[in-house]
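Worksheet: the structure to be examined is printed underneath.
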Number of protein chains: 2
Amino acid sequence: MEDGANRRMSGKLQSELKKRMPFETPEQEALLNLVRTSDRIQFRFARLFREYGLTPSQYNVLRILRGEGSPLPCLEIADRMIAAVPGITGLIDRLEAMELVTRDRSTEDRRVVNVAITAKALELLGKLDGPVGDLHATLVGHLTHAELRELSRLLEKARKSLPE
Amino acid sequence: MEDGANRRMSGKLQSELKKRMPFETPEQEALLNLVRTSDRIQFRFARLFREYGLTPSQYNVLRILRGEGSPLPCLEIADRMIAAVPGITGLIDRLEAMELVTRDRSTEDRRVVNVAITAKALELLGKLDGPVGDLHATLVGHLTHAELRELSRLLEKARKSLPE
DNA sequence: TCGATTTGGTTGACGTGTAAACTATATTCG
DNA sequence: CGAATATAGTTTACACGTCAACCAAATCGA
């Protein structure tokens, strides 16, 4: 608690300094930069997907299914997304209603529900591949490959502090 | 469209390569790294805030109000968060119900609603300052200051491609 | 001055993320 | 075998975030 108290400034001093000292530490600045940049990027992708009637989560599910090439159980999908389990149910519900996936209860283990991608969804993803690649290029195409590698290295190093 | 078509691989080839080629391009790898790292970090902060009964958005609103030092109109708060306008109403509603902010309609312009932080909220933020600083250190403390500066530089350069 | 436009804010509908509790099927072990 | 436990998935409740539509106060302009 000593530690925490020392890091605090008095309210008055703090508000005086707020304008001329936007970041207290390089750690804070880097974290804020990271989160803000990620949010902006995700917003751009969300906008693109929406033009095709998809949300980012829905697109992710379809990408996972296409990448796998065969049906997957719900929990396997949940694992590959970072998302928590319960959200998957509704997500699959809506994809099923749009006829982009089908649900089939496994015969060998009647607890598992296998989710398969439909031809309609594959066609939709096909239409998205070009624009998605273009957006990648737009967003970070102005960084050199060396910079991109360095960025990935730093991000991976940052993630080292996170369990799992 | 030529461009997009060329970037696409046949389904068969693609599924064969999927396992041994997790990223098609350095651009994709960097973007995925960025989003994943940000998500993990935000999850950690969310967990911390939850221990104190706050969501990340609620904490952000309170931080903005404390930083400003005086009441702010709703739209000003919405501006400083990246969030869209309509979500602010409910956010303020809940903070008001928790007695962490007060709402007052301005007398000079009767359209604007000024939101003020309460003493109770200032006390709560005070208790969070230490742990929040500690978490910053935990998450990126193992990067050198040079690395943090380089990370911030690359992220800012990446954001250059984003309008605004 | 009065009608049109702008601006601050709210409401409603929908999709998502999270935690907690619950159902149903499998599995394990005494 | 049969009870305890684990696993796959769903439901419920709540907090967002987004869009579209809306209301009311303020401002602009002929």
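Only this structure's heavy atoms are used, side chains among them; waters, hydrogens and symmetry mates stay out.
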Tabulate atom names and distances for all N/O pairs under 3.5 angstrom spanning the protein and nucleotides 17-20 of chain C.
from   : atom 1 : to      : atom 2 : distance (Å)
C:dG17 : OP1    : A:Ser57 : OG     : 3.0
C:dT18 : OP2    : A:Ala84 : N      : 2.9

For atom [atom1] of [X] and atom [atom2] of [N], their distance in whole Å:
X        : N      : atom1 : atom2 : value
A:Leu75  : C:dA24 : CG    : P     : 18 Å
A:Asp104 : D:dG9  : CG    : P     : 13 Å
A:Ile92  : C:dG15 : CD1   : C1'   : 14 Å
A:Tyr52  : C:dG15 : OH    : P     : 21 Å
B:Ile77  : D:dG17 : CD1   : C1'   : 17 Å
A:Glu76  : D:dA8  : CD    : P     : 10 Å
A:Phe49  : C:dG15 : CZ    : C1'   : 15 Å
B:Arg47  : D:dA15 : CZ    : P     : 21 Å

side-chain contact (heavy atoms from CB on, under 4.5 Å) partner of B:Leu72, chosen from B:Leu65, B:Asp79, B:Val115
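Answer after filtering B:Leu65, B:Asp79, B:Val115: B:Leu65.
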Listing request: all ring-ring contact (aromatic ring centres under 6.0 Å, His included) pairs with a residue in [range], at least two apart in sequence or in separate chains.
range                       : result
residues 70-92 of chain A   : none
residues 106-138 of chain A : A:Phe45-A:His136
residues 58-87 of chain A   : A:Phe49-A:Tyr59

Checking [Y] against [X]: is there a side-chain donor and acceptor pair closer than 3.5 Å?
X        : Y        : answer
A:Arg159 : B:Asn33  : yes
B:Glu156 : B:Ser152 : no
B:Glu29  : B:Thr25  : no

Assess the residue pair B:Asp129 and B:Arg66 against the criterion (salt bridge (Lys or Arg N to Asp or Glu O under 4.0 Å)); give the C-alpha distance rounded to whole Å, side-chain angles, the decisive distance to 0.1 Å, and a yes or no.
CA-CA 12 Å; B:Asp129 285 333; B:Arg66 182 177 69 171; 2.9 Å; yes
With [X] via salt bridge (charged side-chain N to carboxylate O under 4.0 Å, His left out) - residues at least two apart:
X        : result
B:Asp104 : none
A:Arg103 : A:Asp93, A:Glu96
A:Glu123 : none
A:Arg153 : A:Glu150, B:Glu147

Evaluate the criterion side-chain contact (heavy atoms from CB on, under 4.5 Å) for residue pair B:Leu54 and B:Leu62; output intermediate values, then yes/no.
CA-CA 10 Å; B:Leu54 292 178; B:Leu62 297 181; 4.1 Å; yes
Under 4.5 Å between side-chain heavy atoms, chaining through other members, with only Ile, Leu, Val, Met, Phe, Trp and Tyr counted: pull out the rest of the cluster around A:Ile82, sorted by chain and number.
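A:Ile82 clusters with nothing; isolated.
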For DNA chain C, find the residues of residues 93-100 of chain A with a heavy-atom distance under 4.0 Å and give them by number; none if there aren't any.
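The answer is A:Arg94.
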Using OP1 and OP2 only, check whether a side-chain N or O of A:Gln58 sits under 4.0 Å from C:dT16.
yes
Classify A:Arg103 by what it touches in the nucleic acid, base, sugar-phosphate, or nothing, heavy-atom distance under 4.0 Å.
sugar-phosphate
With a 4.0 Å cut-off on heavy atoms, is B:Glu108 in touch with a base, just the backbone sugar-phosphate, or nothing at all?
sugar-phosphate
Hey, which of these two, A:Arg105 or A:Thr55, hits DNA chain C nearer its 5' end, going by closest nucleotide?
A:Thr55
Please list, in numerical order, the residues of residues 110-119 of chain A that have a heavy atom closer than 4.0 Å to any atom of DNA chain D.
A:Arg111, A:Val112, A:Val113
Are there any protein N/O atoms within less than 3.5 Å of an N/O atom in nucleotides 1-3 of chain D, and if so, which ones and at what distance?
none

